[in-house]
2 protein chains.
Amino acid sequence: MQIALDTVGGKFAPEAIVEGAVMASRCWNDLTFILVGDPKILPRLLEKSDADASRFIIQTGPQRVDDSESPLEALKLKSRASIFCALEAHQLGEADAVVSAGSTGAQVVASIQKLGLLEGVKRPCIGSYLPTETGRTFLIDVGVNVSCRPIHLLQFAAMGTIFRQYLEGIEKPRVALLSNGEERTKGSHVTREAHELMSIVPGLCFIGNIEGRDLYSGKADVVVCDGFTGNILLKFAESIPDMIKRCTESVRQECQSSPAALDHLLRSFDYQEFGGVPLLGVNGVSMICHGRSTPKAIKSAIGEAIKMVNLHVNQHIRTRLSTIGQWSATVRTRALIERMRRRSSGEKI
Amino acid sequence: MQIALDTVGGKFAPEAIVEGAVMASRCWNDLTFILVGDPKILPRLLEKSDADASRFIIQTGPQRVDDSESPLEALKLKSRASIFCALEAHQLGEADAVVSAGSTGAQVVASIQKLGLLEGVKRPCIGSYLPTETGRTFLIDVGVNVSCRPIHLLQFAAMGTIFRQYLEGIEKPRVALLSNGEERTKGSHVTREAHELMSIVPGLCFIGNIEGRDLYSGKADVVVCDGFTGNILLKFAESIPDMIKRCTESVRQECQSSPAALDHLLRSFDYQEFGGVPLLGVNGVSMICHGRSTPKAIKSAIGEAIKMVNLHVNQHIRTRLSTIGQWSATVRTRALIERMRRRSSGEKI
């Protein structure tokens, strides 16, 4: 098998990419590599690594696509971009797979253009792992498809199922649909319809809707959502290790002297402390509290209600909203024109 | 000022609600209360608490609306539900605000029906706090509006701003729009249009789009999103304290004997360990790695690519998708009929 590697994309490229390839060459003896990148730099890196040079082919593709660039623009202007050249090698059958740590947008657009979609696939998608109590779950899609139709979500479920079945040997991956409630009637008309589809399609082990709170429980092996929600959630989840690190370090420092440190830390996450939140926009003060509210939480909510009344928050909302209405029409017209322009120029949104 | 309390809704009702009211009565001397609930139970609870009984009015409203019930159905069938009676007292001017820990759906629907919307408001919304490194941020909407138009998001921004300005004295709350990228071109056409609106409307301190990873940073005082994304995110965030608790406890137990415990814990959250994820649906193997990939991550991604090829994952996807296409049409038609039925019966979706 031969793997094409984009050695230009990624924060630690090319060194980390080449080093990773050399590590892989030691693990899998029948593997050969196409290193796509700068032909002036790559031979030197290989030499330093004492790898078996006969298993590495160097191919020119020195241009870099940054995260900030429009993938479509880059695809037009940078024909020698490493990711494009690597995918071309795959397209021509020289490589069996492509690995890249560069701009995800560029890789997605170029993969679609060079490789095409699999027969029957309406939208490609990316799944990513989230750790759970019992292992890990596969969140799909995490960024390619900002808005989805039910059939797209169903296809994500099918692709995610196959991915976990074959790559990890999970016989019947449990598939869940991410929504704002467990009942099948919850969510948008898209998730409701997707729920129904997933319930009747054979070959899916569909366990129904799950909520945000169930992600870490390990209830599902595949969690399906649109790429907008998935992306926000994944990035939020990615920020948690740093947070835990800071948290546990402070606990570790204090744990020999004071067990109160942990309590203090956890209190900042305690939603009971906030009391209640107002339903904004109604002509009155309607404080919504957590179902598990304690007396202290109820007292806090009453305190917030007093402030809402005394500070005339509703009066301020009324005044503010009367001034912003006129701006909406202008922007809607402008956005409509822009969408029509994009559509007529054949640009994917 | 007089506050109406729903003493029936909530997991710890009526005890926790009454106790909370009694605590509040000690904090704010000019406050009086309408306790809405079961007139047989409430006097006994008050007596036990040695509160000043003259400041509490008991009003009948013994019916309970559970989270599992349809709020609209409940509104029709349970005219003596505590939340409805409490809101009626507010509507009649007997109470200045309502506090409830019962079904959020019922409270929202009843608040809209009994109180009406503020002038100019298109959609009511709920904001909720998320802790940040420097304090807390206000995520809005977290559940009322599953899908939104740009003007709705703009109004949420305005209401969230006023809430934090007046209740917490933040002079110019920084408002951010939650999206799948910081660039203004990222997101759906709804968020792109909302971005433009928020940029030009005066009186908003709009700092642009933020991503999921920035939620905990404290960059923004108000974070605007639709209620679907907000609800999933909030519930996910609410599950974090338990997770941290379990994590930090295991660290605390081990911290005197082995500092490796923390490393082990953090490794389960380390997205680098997973290597890369495939772009599913394209006619080839395109492995997407994190931009900060280390050599080890690249090696892992190569390993995943090998599996994708050897296990013929694409062939399985092609076969599976060919069998599920036919189900989609049936469900779409059914869903369309259902939407039309709901619309013609005037039901809010």
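Protein chains get the first letters and strands the later ones, always in sequence-line order, with residue 1 at the start of each. Keep in mind that the numbers below use all heavy atoms, side chains included, and drop hydrogens, waters and symmetry copies. This one's a predicted model, so the numbers in the text were calculated from it and none came from an experiment.
- The aromatic rings of A:Y166 and B:H316 lie parallel to each other, their planes meeting at an angle below 30°, with 60° marking the opposite boundary.
- When heavy atoms are compared at a cutoff of 4.5 Å, A:L215 approaches chain B solely by way of its side chain, counted from C-beta outward.
- At least one side-chain heavy atom of A:N310 sits less than 4.5 Å from a side-chain heavy atom of B:M1.
- Between B:P124 and A:L280 the shortest side-chain heavy-atom distance does not fall below 4.5 Å.
- For chain B, the nearby parts of A:S286 are the backbone and the side chain; heavy atoms of each come within less than 4.5 Å.
- No donor-acceptor pair closer than 3.5 Å links the side chain of A:E19 to the backbone N or O of B:I298.
- Only the backbone of A:D67 comes within less than 4.5 Å of a heavy atom in chain B; its side chain stays farther off.
- Of the atoms belonging to B:E119, heavy atoms from both backbone and side chain fall under 4.5 Å from chain A.
- Taking CE from B:M23 and OG1 from A:T294, the interatomic distance works out to 7.5 Å, rounded to the nearest 0.5 Å.
- Looking at B:I140, the atoms closer than 4.5 Å to chain A (heavy atoms on both sides) all sit in the side chain, from C-beta outward.
- If you measure heavy-atom distances from A:V144 to chain B, the contacts under 4.5 Å come from the side chain alone.
- Proximity to chain B (any heavy atom under 4.5 Å) is restricted, for A:L31, to the side chain, taken from C-beta onward.
- Residue contact with chain A, scored on non-hydrogen atoms closer than 4.5 Å, is absent for B:C225.
- Annotation: side chain of B:L117 is not in contact with side chain of A:N283 (no heavy-atom distance under 4.5 Å).
- Here the closest non-hydrogen pair linking A:I232 and B:S179 is CG1-O, 3.6 Å.
- In terms of heavy-atom proximity, A:F163 sits nearest to B:P278 at CE1-CG, 3.3 Å.
- Residue A:V146 touches chain B through its side chain alone, counting heavy-atom pairs closer than 4.5 Å.
- Of all non-hydrogen atoms in A:I302 and B:A21, the two that sit nearest each other are CD1-CA, 3.9 Å.
- Both the backbone and the side chain of B:S111 come within less than 4.5 Å of a heavy atom of chain A.
- If you measure heavy-atom distances from A:I3 to chain B, the contacts under 4.5 Å come from the side chain alone.
- Across A:G284 and B:L115, no two heavy atoms sit closer than the pair CA-CD1, 4.0 Å.
- For A:M159, the parts lying near chain B are the backbone and the side chain together; criterion is any non-hydrogen pair under 4.5 Å.
- Using a 4.5 Å cut-off between heavy atoms, A:N231 touches chain B through its side chain atoms alone.
- Contact record, B:W28 with A:G303: CH2-CA, 3.4 Å, taken as the closest heavy-atom pair.
- The two atoms that bring B:G187 and A:F228 nearest to each other are CA-CE1, 4.1 Å, heavy atoms only.
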